[in-house]
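Everything below concerns the one structure shown next.
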Amino acid sequence: MQPSQVFTPRSHEVNTAMYIPRPDLEASLKRALKSSRHVIIHGESGTGKSWLYKRVFFEQDVHIEIANMANAVRLGSITKECLNNHDRHEAALKTHYDEAKEGSVGGGLIGGKLSHTGHFALGQKEPFEMYLAAIRKRAGKNTACLVLDNLEAILEHRDLITELANMIILVDDERYAQYDIKLVLVGVPSDIRSYFTQLEHLAPVANRLREIPEVDRLSEDEAHALITTGFFDLLNYTYVGPNMKRDFLRSLCWYTNRVPQHLQELCLEIAEVAESRGGTIDEDVRSAGVYEWVRSSMMSQYATIEKNMNSRSTKVGRKNQAIYAIAHCDRDSFLHSHIEAIIRRLFPSSTRGITLNVSQILTELSTSKSPLIRRLPDGPEYRMYDPRIRVTGRAMLKLDPATESIIKVDIRHYH
Ligand SMILES: Nc1ncnc2c1ncn2[C@@H]1O[C@H](COP(=O)(O)OP(=O)(O)OP(=O)(O)O)[C@@H](O)[C@H]1O
Ligand SMILES: [Mg+2]
């Protein structure tokens, strides 16, 4: 097997051999599927929302059709994106039908079957009802879901939010309810329901939605399972080094913050290096993989961090220490006191007895031209501006213990 067949960081298709089960989330999703309400799946980018529902729905024989909200923005309407989808499904059916007709064996049989499941006539129905009816027809007797993925794309578009709210109300309307289609809303923001409560007359929409727990980064055991399955079970690589696998597992979890997409990206880079060196992993292969990963996937975050760093000449480099501490912070959202505690722990000599103005530094980092962090709208907490900044910081910033200063690894010239 090749590394790229094992580690598939950007694959839309679930790679069954590498899928790491997430029992709690899978169970919540199955329960939500059985309830009468529509479902919300939320979590940061790359945490595995799409793989989760694809896996669970496949297992449960659920028929799904996926509409991409980024495309809805482009087309100016969710319904248009749905119709686009419908045309694609029909075209696929038609190709299947034509191929079957041309084939010499069994053509009649497949053709006969398609004559009642095939092309859906537009008829007199309004487009959304037509689409729901078509999904029902394609799903047969199976549970059917219309997934609206990448929901974050429409959140700035009030007209599309209103369209979505109306769709949610409509699918439960008597005429439309006969098709029995469940909506599944998938996106990054944590409180999707609140977007509807802000809109007059649309507050009841929130009651029709059921949220499963946040799709978060992997647990340690899950991350270890991903690494071990890929490198050692499927690729059959060997690890050489003093603490063997334990250090390897720990450092990959640390660099990627156990976000499945980052983990798969980093594993792929390390595996490519290992492959070129006969399938052996050691310290050297690992660090070459880490730098390749930043270089191939995170150059813009690297540049963002660089722009926010103090120049070399600054004496204490307090801002650099703060950036390093932020990258080391394990919390999704944090206060300046959390960062100050990390700074004091990591840099004891240069902070002893000194007042640190960390809140001022965090303000600077959140209001700079290329912000590293953002302040949450209602409260004193901050979050990373982009979760990739954290993992990039972990890979590119090193601490010089003698001077307690931060050294930036020069990724561009690393060999
Ligand atoms: N359970 C899993 N086991 C192994 N790898 C996974 C798992 N879930 C996700 N991944 C990896 O992470 C990648 C990203 O997952 P996915 O596309 O589901 O994330 P997402 O949350 O939908 O992200 P986005 O918000 O950007 O759409 C997948 O292509 C896959 O490589
Ligand atoms: Mg997704």
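Indexing begins at 1, ligand by ligand and atom by atom, following the structure's order.
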Enumerated ligand 1 atoms positioned under 4.0 Å from heavy atoms of [X]:
X: Q261; answer: 12 (O), 13 (C), 14 (C)
X: P9; answer: 13 (C), 28 (C), 29 (O), 31 (O)
X: S11; answer: 29 (O)
X: T8; answer: 29 (O), 30 (C), 31 (O)
X: M18; answer: 3 (N), 4 (C)

(Q) For the CZ atom on R88, are there more than 12 heavy atoms of other groups (residues, nucleotides or ligands in this structure) within a distance under 6.0 Å? (A)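 It does: R88 CZ has more than 12 such atoms within range.
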Q | Backbone or side-chain N/O/S of S45 under 2.8 Å of the Mg ion (ligand 2) | A |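 Checking the Mg ion (ligand 2) against S45, no N, O or S atom falls under 2.8 Å.
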What protein heavy atom lies closest to [atom]? Include the residue and the distance to one decimal.
atom: atom 2 (C) of ligand 1; result: I20 N, 3.7 Å
atom: atom 10 (N) of ligand 1; result: P260 CB, 3.6 Å
atom: atom 16 (P) of ligand 1; result: G48 CA, 3.7 Å
atom: atom 21 (O) of ligand 1; result: K49 NZ, 2.7 Å

[X] with [Y]: basic N within carboxylate O range, under 4.0 Å:
X: R277; Y: D282; result: no
X: E306; Y: K408; result: yes
X: E265; Y: R10; result: yes
X: E381; Y: R331; result: no

Any N/O of [X] closer than 3.5 Å to an N/O of ligand 1?
X: L226; answer: no
X: G46; answer: yes
X: W51; answer: yes
X: R22; answer: no

(Q) On a heavy-atom basis, which atom in S368 and which in N308 lie closest, and how many Å separate them? (A)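 For S368 and N308, the tightest heavy-atom pair comes out as OG-OD1, 2.9 Å.
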Q) Does ligand 1 have any atom sitting under 4.0 Å from a heavy atom of N150? A)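 Contact check N150 vs ligand 1: positive.
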Q: May I ask you to identify, for Q264, whether its side chain, its backbone, both or neither come under 4.0 Å of ligand 1 on a heavy-atom basis?
A: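 Within the 4.0 Å criterion, Q264 contacts ligand 1 through side-chain atoms alone.
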Q. Is S45 touching ligand 1 with its side chain, its backbone, both, or neither, if touching means heavy atoms under 4.0 Å apart?
A.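 Near ligand 1, S45 shows its backbone as well as its side chain.
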Q) Would a line drawn from the ring center of F248 to the ring center of F231 be shorter than 6.0 Å? A)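 Yes, they do, as the ring centres are separated by less than 6.0 Å.
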Q.
Looking at V188, is its backbone amide N or carbonyl O close enough to the side chain of E152 to form a donor-acceptor pair, meaning the two atoms are under 3.5 Å apart?
A.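 Yes: the side chain of E152 pairs with the backbone of V188.
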Q.
Is it true that Q60 and T143 share a donor-acceptor pair across their side chains at a distance under 3.5 Å?
A.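 Looking only at side-chain atoms, Q60 and T143 do not form any donor-acceptor pair under 3.5 Å.
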Q: Carefully, step by step, assess I270 and F7 under the rule side chain to side chain contact (heavy atoms under 4.5 Å, CB included).
A: CA-CA 10 Å; I270 295 175; F7 297 114; over 6 Å; no
